[in-house]
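Beneath this line is the structure, given in structure tokens, with notes to follow.
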Amino acid sequence: MSEYKYLKGQTVGVIGCPFSGGQPRGGVDLGPLRIIEYGLLDQLVDLGWSVEFDGHRKLDKLRPTYDPDIGKLKQPRFVSKVCREVSKTVESYVRKGQLALTLGGDHSLAMGTVSGTFAVHPDAALIWVDAHADINTPDTTVSGNIHGCPVSFLLGIAGKIEGFSWLKPCLKPEQLVYIGLRDVDPPEKKILRQYGIKAFSMHEVDKYGIGKVMEMALDHVCPGRDTPIHLSFDVDGLDPTVAPSTGTPVRGGLTFREGHYICEAISETGCLVAVDIMEVNPTLQDEVSIEETVTVGCSLIRSCLGETLL
Ligand SMILES: NC(=[NH2+])NCCC[C@H](N)C(=O)O
Ligand SMILES: [Mn+2]
Ligand SMILES: [Mn+2]
């Protein structure tokens with residue numbers, strides 16, 4: 001197993017985040033419970049990790065009694081309070097030198113996870129694997145679902161939104177790289193171009209192959225292979241045949257191996273400090289498809305944490 005340069009020892013802090021407030025579908029809040037039930041923690045112990053897990057966060061307690069839309073944004077106060085809490089938790093694990101593993105929950109949680117990592121490692125790289133760019137601003141979002149907006153908040157281009165003042169801009173465009181994009185809203189494309197954000201869509205994955213894409217992606221955000229890395233992996237980055245049970249599936253995604261290769265290549269750098277596995281919704285499909293989605297979530301995590309094929 002490779003050495004992890006920014007960790008003290010080999011402990012993973014698991015943060016179960018049963019949260020669905022960043023989008024309209026119920027069930028994504030059951031993702032972390034299913035992943036744990038499936039035996040993730042024992043699998044990580046078998047890989048040689050010490051595991052710290054004190055149960056799933058009680059995020060529902062943070063739901064405000066009154067949470068009207070702000071502009072188009074839905075449940076903004078709830079999302080903000082939850083992400084603030086998650087941010088503190090991730091920060092505390094990363095500060096202790098543990099790998100912070102967040103199980104979502106919807107992808108709005110990344111406002112918490114990424115800000116938590118960057119509070120400790122302001123120079124870190126963010127690798128975002130997703131069908132979507134999740135970079136809508138409160139002005140450009142059509143859906144008003146905040147899981148489509150976390151990156152704009154992290155970059156500080158979301159403008160001032162009531163309740164979000166705790167979230168300071170922490171990410172510079174050059175610290176971010178996307179892999180797997182294929183459903184990017186027109187205003188999001190404009191933002192990606194305007195800020196010169198590096199993105200490897202499925203077109204580039206087809207053109208160069210995943211091996212070359214990972215080399216180029218790492219050259220961009222982690223050129224000396226010594227920059228701390230936060231991986232935020234939305235399982236809808238995978239093809240729906242591989243991860244069917246997710247809220248916003250898009251055809252033409254990463255294969256099973258391409259998804260795992262991304263995790264393996266990042267693990268090999270030894271620079272990983274935090275991982276998010278997001279948008280597993282174990283209610284949207286038949287039991288077989290749900291199990292496929294949960295198991296692929298677990299195996300992506302194992303690849304991040306050093307599992308190899310040989
Ligand atoms: N994390 C996700 N699955 N995001 C999907 C976002 C879809 C769309 N771009 C929106 O802003 O609503
Ligand atoms: Mn997505
Ligand atoms: Mn996403």
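We're numbering straight along the sequence, starting at 1. In listed order, ligands and their atoms are each counted from 1.
Residue K5 places its NZ atom among more than 12 non-hydrogen atoms of other residues, nucleotides or ligands, all under 6.0 Å distant. Under a cut-off of 6.0 angstrom, the local environment of NZ in K190 is sparse, with at most 12 non-hydrogen atoms contributed by other residues, nucleotides or ligands.
Not a single salt bridge (charged side-chain N to carboxylate O under 4.0 Å, His left out) links D206 to another residue, sequence neighbours left out. R57 pairs by the salt bridge (charged side-chain N to carboxylate O under 4.0 Å, His left out) definition with D54, not counting sequence neighbours.
Residues with a heavy atom under 4.0 Å from ligand 1: H107, H132, D134, N136, S143, H147, G148, D185, E188, D234, D236, T248, E279.
Side chain of T293 to backbone of S289: a donor-acceptor contact under 3.5 angstrom is found. The backbone N or O of G22 lies less than 3.5 Å from a partner atom in the side chain of D106, making a donor-acceptor pair. Side chain of Y6 to backbone of D226: a donor-acceptor contact under 3.5 angstrom is found.
Note on the Mn ion (ligand 3): protein N, O or S atoms under 2.8 Å away count 4, no waters included.
Each of E215, E204, E258, R257 was scored for a side chain to side chain contact (heavy atoms under 4.5 Å, CB included) with I210, with one residue passing: E258. Exactly one residue among T102, V94, L101 makes a side chain to side chain contact (heavy atoms under 4.5 Å, CB included) with T113. That residue is T102.
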